[in-house]
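Proteins get letters first, then strands, A, B, ... in listed order; numbering begins at 1 in each. It should be emphasised that the depicted structure is a prediction, and the values quoted were computed from it without experimental measurement.
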Number of protein chains: 2
Amino acid sequence: MHRAMPSRGAAKESVASRFRRELLQRCSGWRTERYCAKWSDDSYGDTMNISERKRKILKAVVDDYIERGQPVSSKDICSTYLPDVSPATVRNELSALESMGFLSQPHVSSGRIPTQRAFRLYVDDLMELKPLSDTDIQIIDSYFDHKLTSVEEITRSVAQVISELTNYTSVVVKENGADMKIEKIKVLELLGDNALVVIVTSGEVLKDNIITLPKGIDEDGIETANKWLNKMFVGKYMSEFTDVSEPMEQITAEFSGFRDLYAQIVDVIRKIKQHGDKDVYTTGRSKILDYPEYTDVDRAKDFLTKLDRKEDLADMLTDTNDLEFTVKIGQEDDNLPVGCSLVSAKISINDTTLANAGVIGPVRMDYTKVIGVLEHIGTILDNIKADALLIEGDTPKKLKKKKGH
Amino acid sequence: MHRAMPSRGAAKESVASRFRRELLQRCSGWRTERYCAKWSDDSYGDTMNISERKRKILKAVVDDYIERGQPVSSKDICSTYLPDVSPATVRNELSALESMGFLSQPHVSSGRIPTQRAFRLYVDDLMELKPLSDTDIQIIDSYFDHKLTSVEEITRSVAQVISELTNYTSVVVKENGADMKIEKIKVLELLGDNALVVIVTSGEVLKDNIITLPKGIDEDGIETANKWLNKMFVGKYMSEFTDVSEPMEQITAEFSGFRDLYAQIVDVIRKIKQHGDKDVYTTGRSKILDYPEYTDVDRAKDFLTKLDRKEDLADMLTDTNDLEFTVKIGQEDDNLPVGCSLVSAKISINDTTLANAGVIGPVRMDYTKVIGVLEHIGTILDNIKADALLIEGDTPKKLKKKKGH
DNA sequence: GTTAGCAGTCGCACCTCTTGAGTGCTAATT
DNA sequence: AATTAGCACTCAAGAGGTGCGACTGCTAAC
């Protein structure tokens, strides 16, 4: 699952080819069930046997619909995509595609619009991935150019740049709940009997937890406690601390005063792990209103309220098994707003997944562009200088930057 | 500016009376200029000389318009608010009020809608503040019932409860940039040569800043540094550290190795202060779509994009001089979305202002309710047990809670 | 298998007409 | 002098009708 960083020319290839490879995995694994559920109603085999011309026409319909958002007529297809055949021929094919469940007509004398199933096939098979424009690459690069001091900062930047480039709403889920190795732990006395617990892990600094100190402990006591806590926690994984009671005898023997402290910290760890402690960032919520299918207030409302349910968003984005890209179209996920799709990708640095980033937009969103953007961001971050991130890295290798000319 | 916590019965009085008192201040101070700018065009004196009946009718129009959102007819007023006079009489009065600039007609055969000026008078003078319902009080109380561990948590809760109760969008600005007294400072070694700076002030724990340690410093060195940093910073106010160069000779004499460290921390403090480091939380953005005046997509879009400009929101909310309540109506503030008003209040605990909380809703929002909610939240927080907050308090007094029966 | 031609469907923009909820004005009433 | 009934007037909004045009499906010829 490690992303290579080839030269840009080769990278173009890699986008397409990796994506294809993942699609193969997808179709042989659990994902088939998830994604192809609807297809089993009628013949999935058909999909494989569609004539080349039908595929071409279907692709044309989807491309056109993505661009213009309006029913596509047989004439449209002929004039722009297939000038060699007559509209009548195309009409026959369209009619066949409709009975196969790929197209539908809002009313009898209108053009065709692609069904959810058509979009599925399009994303899996038909669409062509194009390289990002130089301007886009420059914009992305400029976001990750300087020293990045925290995963949170990266997360925010990712959300912002995605939304800026794609013109859709972006969602990034920072998952603090991964089972991380504890590198350092420190209790810091605050005012009163409160204290701040700072836990440094292999991927992140967790510093938002507050506990109550044992009565009557003084500065020296805290120092001793810190030494002892380091001995207890450092080098272990967070998952090892599920049960409070276990090492209690040992503690009683050593420093009976720290029982409560220990319990509290285990509790903090458990809370971080269990509750997941996922932070969800969304940017560009209002962008959906740019698209005509959301001029309807009820739809807009549905969109915005669904975006407010952070847990659902987190679920959708993290429910990706171990694919790097995931595309959910329309009703394939109940938590998606009506008429929306989600494209999401993993964001990892040094093989550690830091977050999942995604785009939520209308079903007819520009998948090519969106995947291109996500791919480039993924590649950049995977190659970022690790020590800029409080994460232990092997070779401090400077991020490769490409100027426009 | 300290809020008293009287018994609930008396509290009702206090809401109204304090608000009136502040309005008096408002009208004698700078605020007159700000708020009454529009009035000086035509005769402001008129406002004072409106007959009692005109005031009654104007109030009726605004009340009705707030409730139904539609032009108010003379008949409406008679049937609901002034049954003793005939519609014709009311029509005469309405006509007079219109020529005074308080009312307007969408078209000649429709009822009247209040102008911005009418809302101003309404808020300043006409509306009656009613006590919150018991259910509402209970809901608010339940939000601040348990131990609150950070200002951030409070801020989020405030945003949420406001939006829940009022059904408008809430905005809370947490201002970390206030000139706070430094109570404690600590540098915490992370991985690599990075370190976390934790600054405990009288109101908040600032723990999101990362610096680079001097080369070759070891654990003992950090401990010495921490002792020395405490000596340098503790007890002073953040504003005292504006210039890096000043105490440099002194440092060179004492511990020349800490020059860089000192500079970095001063820089952190300066950044916190200058850049303001205001955190802005918004909740219930989509609620505006519940109101018919925002079924128009362009308006909705305007609303949502204005809400994305965090700095502007922060400016609007903090630009309140030292009033506890501020109401900005329609175009009185350029940064407000079209057709919106803002009601904001200070949130303080123990005379320290922690945040400004506000509601952004349509101009015809239910000011009475909104002010009631903000007032109650303010009172509750002002009386919260301070040490639950990492803030030094005098008497640990338990939050008074009132059951429904 | 492809295509030209034609009949048929239906959304949409445009028009007119009617209705009714308002007003302002005037003259009578208190 | 203030109030009110009555009436003429205005205008938004909805209902119904019409024509246009953008499509399709079908059929018969190529």
Side-chain angles (χ1 to χ4, degrees), chain A residues 49-58 60-65 67-115 118 292-293 295-296, chain B residues 49-58 60-65 67-115 118 292-293 295-296:
Chain A
N49 298 330
I50 309 176
S51 74
E52 196 49 42
R53 191 170 69 185
K54 280 203 182 58
R55 298 168 72 90
K56 229 168 160 179
I57 290 177
L58 187 55
V61 174
V62 179
D63 277 335
D64 200 81
Y65 187 69
E67 196 183 323
R68 302 189 308 111
Q70 275 174 0
V72 184
S73 74
S74 53
K75 217 194 283 175
D76 291 341
I77 294 176
C78 288
S79 61
T80 327
Y81 302 90
L82 287 172
D84 297 333
V85 287
S86 80
T89 314
V90 173
R91 275 207 289 282
N92 289 332
E93 299 284 50
L94 288 175
S95 169
L97 285 166
E98 181 168 357
S99 65
M100 291 164 84
F102 289 111
L103 297 174
S104 72
Q105 282 179 299
H107 58 266
V108 69
S109 79
S110 84
R112 260 59 176 217
I113 58 176
T115 60
E293 44 265 70
T295 35
D296 178 45
Chain B
N49 298 330
I50 308 176
S51 74
E52 196 49 42
R53 192 171 65 184
K54 280 203 182 60
R55 299 169 70 91
K56 229 169 159 177
I57 289 176
L58 187 54
V61 174
V62 178
D63 278 335
D64 200 80
Y65 186 70
E67 197 183 323
R68 302 190 307 112
Q70 277 176 356
V72 184
S73 74
S74 53
K75 217 192 283 175
D76 291 341
I77 295 175
C78 289
S79 61
T80 327
Y81 303 90
L82 288 171
D84 299 333
V85 288
S86 80
T89 315
V90 173
R91 274 207 289 284
N92 289 331
E93 299 284 50
L94 288 176
S95 171
L97 285 166
E98 182 169 356
S99 64
M100 292 165 83
F102 290 109
L103 297 174
S104 72
Q105 281 180 300
H107 58 266
V108 69
S109 79
S110 84
R112 264 45 180 225
I113 57 175
T115 60
E293 43 267 68
T295 36
D296 178 45

- Item | Whichever of A:P87 and B:L94 has its nearest DNA chain C nucleotide further upstream toward 5' |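 Mapping each residue to its closest nucleotide by heavy atoms, the 5'-most match is A:P87.
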Let me know the distance between [atom1] of [X] and [atom2] of [N], rounded to the nearest Å.
X: A:I57; N: C:dT2; atom1: CD1; atom2: C1'; value: 12 Å
X: A:D84; N: C:dT3; atom1: CG; atom2: C1'; value: 14 Å
X: B:Q70; N: D:dA13; atom1: CD; atom2: P; value: 10 Å
X: A:L103; N: D:dT24; atom1: CG; atom2: P; value: 11 Å
X: B:E93; N: D:dA1; atom1: CD; atom2: P; value: 17 Å
X: A:K75; N: D:dG25; atom1: NZ; atom2: P; value: 15 Å
X: A:R91; N: C:dC6; atom1: CZ; atom2: P; value: 14 Å
X: A:H107; N: C:dT9; atom1: NE2; atom2: C1'; value: 8 Å

Looking only at side-chain N and O atoms, does [X] come under 4.0 Å of OP1 or OP2 in [N]?
X: B:R112; N: C:dG24; answer: yes
X: B:R53; N: D:dT3; answer: yes
X: B:T89; N: D:dT4; answer: yes

- Are B:D76 and B:S73 linked by a side-chain donor-acceptor pair shorter than 3.5 Å?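 Their side chains do contain a donor-acceptor pair, which is all the 3.5 Å distance test asks for.
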- Checking B:Q105 side chain against B:S110 main chain: does a donor-acceptor pair fall under 3.5 Å?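 Between the backbone of B:S110 and the side chain of B:Q105 there is a qualifying donor-acceptor contact (under 3.5 Å).
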- Using atom types as modelled and distance alone, determine if a side-chain donor or acceptor of A:T80 lies under 3.5 Å from a backbone N or O of A:I77.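 The answer is no, because no donor-acceptor pair under 3.5 Å joins these two groups.
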- Message: For B:N92 and A:S110, find the nucleotide of DNA chain D closest to each by heavy atoms; which residue's nucleotide sits nearer the 5' end?
- Response: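 In this pair, the answer is B:N92.
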- Hey, does A:R112 have a side-chain heavy atom less than 4.5 Å from the side chain of A:S95?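 The answer is yes; the side chains approach within 4.5 Å.
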- Query: Taking C-beta and beyond as the side chain, do A:D64 and A:Q70 meet within less than 4.5 Å on heavy atoms?
  - Reply: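 No; the side chains remain at least 4.5 Å from each other.
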- Query: The side chain of B:E98 lies closest to which of these nucleotides: D:dT24, C:dG24, D:dG25?
  - Reply: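 Nearest nucleotide to the side chain: C:dG24.
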- Query: Which listed nucleotide (C:dT9, D:dT10, D:dC23) is nearest to the side chain of B:V108?
  - Reply: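 It is D:dT10.
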- Query: Does any donor-acceptor pair link the side chain of A:S109 with the base of C:dT9 at a separation under 3.5 Å?
  - Reply: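 Answer is yes: a donor-acceptor pair is held.
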